[in-house]
Every structure is written in C-alpha cells, then in structure tokens.
Q: 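Before anything else, here's the structure in question.
Everything numeric in this text was worked out from a predicted model, so none of it was measured. Whatever order the structure lists them in is the order used to number ligands and atoms, beginning at 1. We're numbering straight along the sequence, starting at 1.
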Amino acid sequence: MAIKFPHPAWIEINLSQFRKNLEVIRGVIGDRLFCLPIKANAYGHGLTQIGKVAAECKVDYLAVAYLQEGVDLRKAGIEIPILVLGAVHEDQIGDLIDFNLEFTISSQYKAELAHSWCQRLGKTCRIHLEIDTGMQRTGIRGSSADLLFHKLEEMPFLEVVGIYSHLAVSDTPDHPFTHTQIETFNDILNHPFVKNRKLISHLANSAGLVHFPSSHRDMVRPGILSFGYLDNPSMFQGVAPFFSLKAKVSYFKVVSAGQGISYGHTHTTSKQTRIVTVPVGYGDGYRRMLSNKGSVLIRGKRFPIVGNICMDQFMVDIGDQEVYVGEEVTLIGKQGNEEITLSEIAKLCETIPYEILCLFNERIPRIYTKILT
Ligand SMILES: *Cc1c(COP(=O)(O)O)cnc(C)c1O
C-alpha cells in the first residue's frame, strides 16, 4: 500500500502549466520537429511522468543523456523516438538496440565499433551524427566529417537518421560566436551525404530557439524553456515554471536573545524571537549554501533562514509572527503575492537554475497536479 505522506516536504509539478508550455513552443516552431531534452530526471521534474505527458502532447522526440534514462522511459511504455545524446560505450550497443533507442556517433572510431557490434548481432541501429562546431565537448570536427561520411557509406548496419551540433554561448544573444557555429553547421549540411539522405538536422537549445532563428533547422531541442525558465522570452508568452518546493512546519519555539542557532552557531539571535523548523535539508538537495542567505514563504510572507542548513532540516526566524506546526512553507514558488524564484536561489548559490533543479533527489516526492491557472 502506498504511504500517505512519506516526507513532510514535496515538489509540486503542475502538469497543466507544462502542457501549456509545450503548446506555446509548438505554436512558435510550427512544423519543425520538437525534441524535448529530459535528462537528469527531466531537470528534476520526474523523468517518466514528464516523458509520458510530452508523448501525449505530440512532442516528436525525447532526448536523454544516458542509456539508463532511455531504458526507464521505454519501460514506462513511452514509444516515441528517444535520442541518447551522451557518448556511447561499446557495452551499451546491444541494449540501445533492444530498447529501440537512437544514439549519437561522434567519431569514426565509435562508428566502426557500433557497426561491428551491430554486424555481430545482425541488427541495424539508428544514429545521429554529432558535429563539434565549437563546444569542444563531444562531436566530430567539421574538417573530419567528410571522411566519416565516406566511411559511413560502407557501414550498412548504421542507419543515419540525424545530424546535430550544440551551441556553446547562445545564452548571450549578442555573442558573435553563435553565428560562427551556425555557419560551420550549415556548411556541413550542404554535404551531399546529408542532403541525399534527408537527415534530420538539429542545433538549437532553448537559448538558440529564443535568440537565433537561423539555428532552428529541422528539429529544435529546448530543455530549460520547456520547464518555464528563460529570461524575457517575449515570443513565448505564457511559458512559465511549474515546479514548486513545499514543506510543512515541523516545530515551533520561542528563543531568547543571544542564542546560537544550528550547527556551528553561525547565527545568534539579537532579541527574543520565534523560530520554526522546516523538514528539508541538503540531504534532499536543498543547498547548504542557502544557510543565513535564503528565505521561505509562510502565510504569504517572506522569512529568513537562520543558522546552517542541516542534512534534513533548517530553521527560520518568524520574528513576532504567529505560525503553527503543520502550516505550509514554500521554499520555491508562489504563495499569496510573494514568490521565491529559482533564479533567485541560483544567484544566492552562485550557480545556474539548471543545477539547483537537478540536485533535488528521489527523497523528496514529486506530486503531480493539474491546476489550470
Ligand atoms: C541539455 C541539452 C539541450 C537542452 O539545453 P537547454 O539549455 O536546457 O535548452 C539541448 N541539446 C543538448 C545536446 C543538450 O545536452
């Protein structure tokens, strides 16, 4: 039997808003293919649940980083094409084929390896070629692509379906390098190998989709935008975050002046005050760096986190306010007229929203709602 309330903290995922985000993006991209990257547990939103909704909403492709993520999606009954973006290892090829996963080839060496595995298994596989146009991560250089194309002509077990590259600085809209990457990629798309086979070409991540129309090509791969995060996407009116982190107050006490709070006593009360305890900690993925910096919402008001965040809980100074044990606390998201945004938290942690989302682990349950706003 399912446990009714496994953890007094939870992540609320509003699937209605997610569907709306997908609709808005579909409206902008029109007939282009929509590939939704859902690596890292769908940016913390829950891999299989997000994958299922995306498939229902006519997303054309899902992209993941690793084999296991693709396998989890297939085991959840998702049948739309799935592309594994990360570099493939030889021991994975049999499973990639068995689970009908498309994967990335980004060198002649890997192409030969995959081909000989397929030959041995007597099965073909579907691959996308990755070109490095300036990320210097994975991908074959443009200058070596010609030779790879030539070799692929003699590899009948590899069915090439797509060709892609990845933008390195597209989140800086006036950076000239993105145009260099787009041009390098376009040059390769003019190669007869690509044209004759009508390969699906794809380049744009979220920032490419928003800022660089010439990067859109046959398919787009907006991740963070689909989850509602990107500054000023004027073309994408209606796209909004749908992830909130909430908890219930687990303890209340009055603390006199001059008392140190939590491990290390990094905060000392300056006067008598009321302190509540919130049952979330860095063991859930809530960054310890928010100690004495972050805040939470209770009864629609903002209150500061005081003292060091522990593994499973932290303390909040509510001053002279009244708050009862069991009341709802919002750590990320809206409450009343107040909001704690993910970018606010990311800034305090000196990182990007992506990283904050990915850190929330399986200990915090995801609760899926369908509230229309
Ligand atoms: C993660 C990823 C994306 C999505 O990037 P966003 O910035 O979230 O839009 C697109 N393409 C590749 C290859 C990726 O690894």
Side-chain angles (χ1 to χ4, degrees), residues 18 21-22 24-26 28-29 32-45 47 50-51 54 59-70 73 81-88 101-106 110 127-140 161-173 175 177-178 181-182 184-185 200-213 215-233 235-236 239-243 342-343 346 351-359:
F18 176 45
N21 292 356
L22 297 178
V24 172
I25 294 169
R26 173 56 78 193
V28 174
I29 67 172
R32 291 193 164 83
L33 296 174
F34 187 168
C35 172
L36 180 69
I38 54 170
K39 56 208 183 187
N41 200 24
Y43 293 49
H45 291 64
L47 180 73
I50 291 295
V59 159
D60 302 290
Y61 256 85
L62 297 172
V64 293
Y66 306 135
L67 165 65
Q68 185 63 54
E69 296 174 316
L73 289 169
I82 298 172
L83 169 60
V84 177
L85 297 162
V88 55
L101 301 168
E102 298 178 14
F103 59 95
T104 301
I105 289 292
S106 50
K110 285 287 168 75
I127 62 165
H128 293 240
L129 305 175
E130 188 189 4
I131 309 293
D132 183 10
T133 55
M135 175 80 178
Q136 309 294 351
R137 186 170 67 178
T138 48
I140 192 159
V161 292
I163 183 161
Y164 75 97
S165 187
H166 193 47
L167 298 172
V169 293
S170 54
D171 53 352
T172 309
H175 201 304
F177 191 68
T178 300
Q181 285 196 268
I182 293 170
T184 309
F185 191 54
I200 301 168
S201 62
H202 46 116
L203 176 63
N205 54 3
S206 296
L209 175 58
V210 172
H211 303 302
F212 297 92
S215 72
H216 295 182
R217 307 302 325 183
D218 301 328
M219 180 158 85
V220 292
R221 307 187 305 263
I224 201 82
L225 176 68
S226 305
F227 294 103
Y229 303 98
L230 210 72
D231 296 334
N232 309 319
M235 261 180 357
F236 295 89
V239 168
F242 55 98
F243 176 109
L342 190 65
S343 62
T351 184
I352 52 175
Y354 300 71
E355 189 185 24
I356 301 294
L357 284 176
C358 292
L359 289 173

Q: Can you confirm whether the side chains of S165 and T133 place a donor and an acceptor under 3.5 Å from each other?
A: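 T133 and S165 do have a side-chain donor-acceptor pair below 3.5 Å.
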
Q: Can you list the residues that meet the side chain to side chain contact (heavy atoms under 4.5 Å, CB included) rule with V28, with sequence neighbours excluded?
A: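 Result, side chain to side chain contact (heavy atoms under 4.5 Å, CB included) vs V28: M235, F236.
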
Q: Using the test side chain to side chain contact (heavy atoms under 4.5 Å, CB included), find all partners of S201 that sit at least two apart in sequence or belong to another chain.
A: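 Per chain and number, S201 pairs via side chain to side chain contact (heavy atoms under 4.5 Å, CB included) with I163, F185, L189, R217, D218.
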
Q: Suppose we screen for side chain to side chain contact (heavy atoms under 4.5 Å, CB included). Which residues come up paired with A168, at least two apart in sequence or across chains?
A: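 Counting only residues at least two positions away or on another chain, A168 forms a side chain to side chain contact (heavy atoms under 4.5 Å, CB included) with M135, Q181.
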
Q: Any donor and acceptor pair, going by atom type alone, linking the side chain of T104 with main-chain N or O of L85 inside 3.5 Å?
A: yes

Q: Do the side-chain N and O atoms of R32 and H202 include a donor-acceptor pair separated by under 3.5 angstrom?
A: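 Judged by distance alone, the side chains do not pair up.
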
Q: Taking non-hydrogen atoms within less than 4.0 Å of ligand 1, which protein residues qualify?
A: P37, K39, Y43, L85, R137, H166, N205, S206, R221, P222, G223, I224, Y354

